[in-house]
Amino acid sequence: MQEIKFFVLDGTYKIVYGKPEIILFAKTSDNKQIIVKDRNFEPYFYVIPRENAELQEKLERLRVEEENENYFVTRTEKIKKNFIGKEISCIKVYTNIPAAVANLREIIKLWDNVESVNEADIPFIRRYLIDKNIIPLMWYSGKGDFSNEESRVPVFELKTAEKTDEEELQGLKVLAFDIETYSPFDMQIDMEKNPIIMLAFYANDFKKVFVWKKFQTNLAAVEFVENEQELIEKFKQTILEYKPDILAGYFSDGFDLPYIKTRADKHKIKLDIGWDSSEIRSKSGRENTMSINGITHLDIFKFIKKTMGPTMDTDSFDLSSVANEMLGEEKHDVSLNELTHAWDNDNEKLETFAAYNLHDSYLTYNLSMKMMQTIIQIVRISCIPMYDVNRMGFSQLVEGYIMNQAPNFNEIAANKPSNDNLAKRRLNSFEGAFVFEPKPGLYKDIVVFDFRSLYPSILTSHNVGPDTLNCDCCVKQNTPDNENWFCTKKKGFIPFLVENLIKTRSKIKEQVKKDTLAGNPVNTALDAQSTTLKLLANSFYGYLGFYAARWYSVESAKSITAWGRVYIQKVIERALKEGFIVLYSDTDSVFLALGNKQREEAKKFAADINKELPGVMELEFENFYPSGIFVSAKMGSYGAKKKYALISEQGNLKIRGFETVRRNWSLIAKEVQEKVLDIILREHDKDKALNYVKSTVKDIRSKKVPNELVVIKTQLQKELLDYAARGPHVAVAQRMMNMGRKIGPGTMIKYIVTQGSDIIRNRAKLPEEVKAGEYDATYYIDNQVIPSVERIFNVLGYNKEDLLETKEQTKLGGFF
DNA sequence: TCCATCCGGGG
DNA sequence: GTGTACGGATGGA
């Protein structure tokens, strides 16, 4: 018997001689990749019988024989468990293989004297990690023996594993990558047709750009190869030699890896870089996902958007905006349109693009490292491997955490809802948060406060959860809406978990505070742990109201918002009484304008409120904004929910709800909107903004605007014949097909609306059919540019006609 | 007001 | 793989 120290990155299983074998992809303390196998774990699930029914014998006889596989029960145990607030007796049923669980549960749940079948839908590897308490990315000391099995990495057969005290993970190797592809101007991305022309890698100790055309360069990272085929071989080889634990990309689930895979298939290259020599493959699911056995494929775009997105200032998640906000850096400013031209005609220009390519992978690497501690902490708390954490939503993370904790409380997990139930739950809407509608306008000196821990603190202090709801022992309405009650005698399972999260977090915060006072460097792991605990605690409310949740409870969610409305309204009342101008409030945040007051007074206001709030509840100072604009979503006089733009003291624009200008809008409309917000908030010059719009309108009229700015893009979602409504993009697609072009679902249709008096779809033409200046100026002014800024100008006291007037506006002064 | 349709990120 | 999936806005009816 030998002893090794290791941590697990991910895992899977396979059947060997009719028995399941757990396979863990792990790393040892001397920084070696290792496969850890465990042959001693049995699949099982629970059966809850109806009133005293005797089921064990019948269960033990159960056996299904199919052509290639037999599914049967190996043994059963009677066991006491807790289930939604009650102690019950149930049967633990063991089966021969994992697949038998899914197979047999379908039969058993139809039996008359079966109340329900539980925990029969948990992936085997997750079951193993939870039951053996093997948390990914934590150190374990394992006993067992190395096997002489043939494999790319050594195989260790595990007998026992024990957690060690160490927390720090040294030597987690992250390698970022990025590709550039050949893409003629104005053509859709076509993985089948267009080759990859550059490939960059970046790690702290490794920088490389592979290119298959030669040019003069001083860039040390550049390495020339002969052709695309060799470039893909280099992709494989680099990964096999560098041996990263994490391969990071930006939108690489949706672009880089599917692209590389498509091209590799074309060249008949096998991308067999998994530790077990398996190939890169896409996992089933709606959205593209790419995975490699042993190597964690991190799509940092997905993680940032899902997990950090809601609290970030930026409204757009392209690499440049995200890098700007998180790292204070941007992409290189080069025009990608010229890349293909340079590739075909002007190789000496390629150096700029190679540098651009490398820089993108550098940004991807740094974003990954910036997020790494947070990701590690989420993995550890939810006991879910990084690959899945990367791709999961919040509710799944919460559920992961609850599932992980359930055995410690002897709780049986509730089942996921059936399809019928799901449909019913989706209809269950309830009164949400309180929203104070903003009055459209331009404001200065805005302070934003929010109640970050509003919902979790309500949840714990009022003992809210499915197992305390309308209990038998209390029977007295105690929610603000007087519809339900929550037990006041016994702490519920969910509130207990949330309270633990909050308590653990405040301990960590204390520690961080102590360290800071002592002048010690900030411990980033502790910091990330605190963020994660907060994130998780804040997600419970949403989870309870999420239709697909196991521990779903609308009554709980509904009562939490009811209490929430009570608290936020108290804050608003008080702010008004003290003479602040309340601009806007939604759920747990309040936007106040200082008016004649000082910033200090606002801080004191929050401090006073905090003195009166119970327990962990806290009104936090979010930020100060010198100016901001709230815009009406409708033409009426009501303010819009979530449609505003603010500028911080550092000069960062925080734009919310203006994302309507997306790819099915022309570039000219996007440009004008951005520029107008920028001029108004940064320069405080509404005349300049107005004149800018007017001069753009003039340019459009006099046909000075290049065609590329008036192209409208829409993607075909289905086969052409399946369209009932013939919009302009459908009409253009039809003509493309008649011209013999291959189109289908996913094809990007680009068109320009040209002059004429016919209906729009007959005037929509392919960009290459349109000569400069043939676009319909009126259409672009009335349907694109004006609508994108009209509401902004309404706020400033102008109407559509003012924007179209030809004469220049003179300075009026008096801005706010 | 409701139902169907599209976007996002990447080149 | 004991699975499995968004959320929001728009615009036409």
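Every heavy atom of this structure was used, including side-chain atoms; hydrogens, water molecules and symmetry mates were not.
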Any base atoms under 4.0 Å from Arg391(A), or only sugar-phosphate, or nothing? Heavy atoms, all strands.
nothing
Mutual orientation of the aromatic rings belonging to Phe251(A) and Phe301(A) [parallel < 30°, tilted 30-60°, perpendicular > 60°]:
perpendicular
Please report the distance, rounded to the nearest Å, between NZ in Lys306(A) and P in dG8(B).
17 Å
For atom C1', what is the distance between dA9(C) and dG10(B), given to the nearest Å?
23 Å
Separation of Lys92(A) atom NZ from dT2(C) atom P, in whole Å?
17 Å
Aromatic plane relationship, Tyr202(A) with Tyr362(A) - under 30° parallel, 30 to 60° tilted, over 60° perpendicular:
perpendicular
For atom CE of Met290(A) and atom C1' of dG10(B), their distance in whole Å
14 Å
Select one nucleotide: of dT2(C), dT4(C), dG11(B), the one nearest the side-chain heavy atoms of Pro123(A).
dT2(C)
To the side chain of Asp178(A), which of dG11(B), dG9(B), dC6(B) is closest?
dG11(B)
Identify which nucleotide among dC6(C), dT2(C), dG11(B) has an atom closest to any side-chain atom of Thr181(A), counting heavy atoms from C-beta outward.
dG11(B)
Any side-chain heavy-atom pair from Leu367(A) and Leu327(A) closer than 4.5 angstrom?
yes
Per atom distances to the Pro98(A) side chain, the nearest of dG11(B), dG9(B), dT2(C) is dT2(C)
Distance check needed: dT5(B) P versus His729(A) NE2, whole Å only.
9 Å
If the plane angle is over 60° it's perpendicular, under 30° parallel, otherwise tilted; pick one for Phe124(A) and Tyr13(A).
perpendicular
When you measure from the side chain of Ala120(A), which nucleotide among dG9(B), dT2(C), dA5(C) comes out closest?
dT2(C)
Kindly point out which of dG10(B), dG9(B), dG11(B) is positioned nearest to the side chain of Leu336(A)?
dG11(B)
Nearest-neighbour nucleotide for the Tyr13(A) side chain, dG9(B), dT2(C), dC7(B) considered
dT2(C)
Base, sugar-phosphate, or nothing: which does Asp318(A) touch, judged by heavy atoms less than 4.0 Å apart?
sugar-phosphate
Separation of His359(A) atom NE2 from dG11(B) atom P, in whole Å?
13 Å
Using a 4.0 Å heavy-atom cut-off, does Thr12(A) contact any base of the nucleic acid, only the sugar-phosphate backbone, or nothing at all?
nothing
Mind checking if Asp190(A) touches a base, just sugar-phosphate, or nothing, with heavy atoms under 4.0 Å?
nothing
Nucleotide dG9(B), atom C1' - distance to CD1 of Ile179(A) in whole Å
13 Å
Nucleotide of dT4(C), dG11(B), dG9(B) approaching Gln396(A) most closely (side-chain heavy atoms)
dT4(C)
What is the distance, rounded to the nearest whole Å, between atom NE2 of His341(A) and atom C1' of dG11(B)?
17 Å
Among dT2(C), dG11(B), dG9(B), which is the nearest nucleotide to the side chain of Lys331(A)?
dG11(B)
Considering only heavy side-chain atoms of Phe317(A), the closest of dG11(B), dG9(B), dT4(C) is dG9(B)
Would you find a donor on one side and an acceptor on the other, under 3.5 Å apart, between the side chain of Gln784(A) and the backbone of Ser666(A)?
yes
Pick the C1' atom in dG11(B) and in dT4(C), then give their distance to the nearest Å.
29 Å
Centre of Tyr128(A)'s six-membered ring, under 6.0 Å away, within 45 degrees of the axis: is that where NZ or CZ of Arg126(A) sits?
no
Output the rounded distance in Å from CG (Asn390(A)) to P (dA5(C)).
18 Å
